[in-house]
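These notes are about the structure you will find just below.
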Amino acid sequence: MMKRIKIFDTTLRDGEQSPGCSMNLSEKIEMARQLEKLGVDVIEAGFAIASPMDHKSVKTIAAAVSACTVASLARCTKGDIDAAWDAVKEAKHPRIHVFLATSDIHMEYKLKMTREQVLQRISDMVAYAKGFCDDVEFSAEDASRSDPAFLAQCYTNAVAAGATTLNVPDTVGYSTPQEMADLIAYLRAHVEGIEKTDISVHCHNDLGMAVANTLACIRAGATQVECTVNGIGERAGNASLEEIVMAIHTRRDFYDAETGINTRQIYRSSKLLSNITGVPIPPSKAVVGANAFAHESGIHQHGVISNAQTYEIMNSTDVGIPQNTMVLGKHSGKHALREKLVSMGYELSDEELESVFTRFKDLADKKKNITGSDIEALVLHRRNAAVGACELMSHVVNTGHGVPNTSYIRLKRGEDVLEEVAIGTGPLDASFQAINRMLGLEDVRLDSFSLNAVTDGEDAVGEAVVKLEAKGGAVYTGTGLSTDIIESSIRAYVNGINKMMEAAD
Ligand code: KIV
Ligand code: ZN
């Protein structure tokens, strides 16, 4: 029988704590719901003690998700464990995830604890967590650089105190696949009671080996893998969920294993995360990059036309990549749009469908052929309309060489209509200044700006992404969509400002 590998997703914890990847509460909930559709077994929703906002988001996700286990991270202290339990206790399947470092370097310089103290703390705090929750995971931080015999004793204590999952992190991404596999084999032979628990691995990507290390551990007996969508995470990131899942799926013959992931939701999950964080998916990224299924060379194209398997080991539809053929047009109605969305795996409420349909009609006026990618972009951008307090009504931009760049912007905010004109160094600078002035925003800094075509062709839809830095240093990501690049940029700016104002409320 094939081995069932549990997928523990830490996009909302280890992923979210990496620079440029922060999300607000509604974005985290949207991402958690998508992870549930994707079929992950565990969502690590956050680190409840870290801030009141982290606590609130773990608690809200715990209540919103029912098909997966929801975990909160906690250090080995009573305060952390109390906060973690309070945040996950309403979940249908709660988990407390406690961790303590076990390498000599971490114990001496960070924890300032002896081996005996660490062993005692593990026993005490796993037992304390177990008093609240049946499902307790214990992680030995920096496990891969720890003394194996001492590490085995740490895990033995954790099992004796009630841990149900033992996680083996390669915290600094130092290990090689063979070393990780050997470590798992060693622990299986030396940890008392390990056969009663799940063996988990958590690999970072500092040397680009996180996925290879994770897969080697599966061969050696790991039954849970920790990973993030698009591999986001501290420094070079965590092991990428989509790469692990598709490696297991494509090479079932080799791994003799399977996951509960609905692979057709992979691309959607990746795009949603990229859209929320404004962090683009690199074109050559395995599985979800724009070039992952593109064949440029004549020899490859010829082979693929004769028999797709000559050069394709996976099918793009298996990971849910929309086909770029014309799917709807100007005369398509709401019913056709809903059917198309359902066939693409999207289930929208009536209210959401209404908002996507309005934008679809708008787009169909400007663009002859609406493709699957266009529709996907419209769905991902529905948050602009729903969350924002300000909405772009109209704009007029005057730009050229040797003339001042001016922009007139009209926004709707609740019942109020606001308008302003500004001069700037370029059309976007003028537009952003007009918006700042009408909203009385003085300390907003444009950190970065990028523009990408969603589809090919002259009438392609352009997606703009802005990163805005507010006074205290917090960064907000805004995205905007239009066939007109100035409009998509203004929409992105308004979206970012809305998030900034929402956070300040
Ligand atoms: O990388 C790491 O060691 C971690 C642990 C907290 C699991 O993220
Ligand atoms: Zn980590």
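Positions are given from 1, in the same order as the sequence printed here. Computed from a predicted structure; not experimentally measured. Remember, it's 1-based here, ligands and their atoms both numbered in the order they're listed.
- Within Asp14, the N/O/S atom positioned nearest the Zn ion (ligand 2) carries the name OD2.
- Using cut-offs of 30° and 60° for the angle between ring planes, the His190 and Tyr186 rings count as parallel.
- Using a 4.0 Å cut-off to heavy atoms of Ser139, the atoms of ligand 1 that qualify are 7 (C).
- With hydrogens and angles left out, the side-chain atoms of Asn495 and Tyr476 include no donor and acceptor closer than 3.5 Å.
- Gln34 and Ser269 form a side-chain donor-acceptor contact under 3.5 Å, judged by distance and modelled atom types alone.
- Under 4.0 Å from ligand 1, the heavy atoms of His204 that appear belong solely to its side chain.
- The aromatic rings of Tyr493 and Phe432 lie parallel to each other, with less than 30° between the two planes, well short of the 60° mark.
- Closest approach between the Zn ion (ligand 2) and any N/O/S atom of His202 involves NE2.
- When non-hydrogen atoms are compared, ligand 1 lies under 4.0 Å from the side chain of Arg13 (C-beta onward) but not from its backbone.
- Using cut-offs of 30° and 60° for the angle between ring planes, the Phe132 and Trp85 rings count as parallel.
- Checked against a 3.5 angstrom limit, the closest N/O atoms of Asn167 and ligand 1 fall outside it.
- Between the side chains of Glu463 and Asn275, at least one donor N or O lies within less than 3.5 Å of an accepting N or O.
- Among all protein heavy atoms, the one lying closest to atom 4 (C) of ligand 1 is His202 NE2, 3.5 Å.
- The ligand atoms of ligand 1 that sit less than 4.0 angstrom from a heavy atom of Glu141 are 3 (O).
- The nearest heavy-atom contact from the protein to atom 3 (O) of ligand 1 is Thr171 OG1, 2.7 Å.
- Between the side chains of Lys285 and Ser240, a donor-acceptor pair is found at a separation under 3.5 Å.
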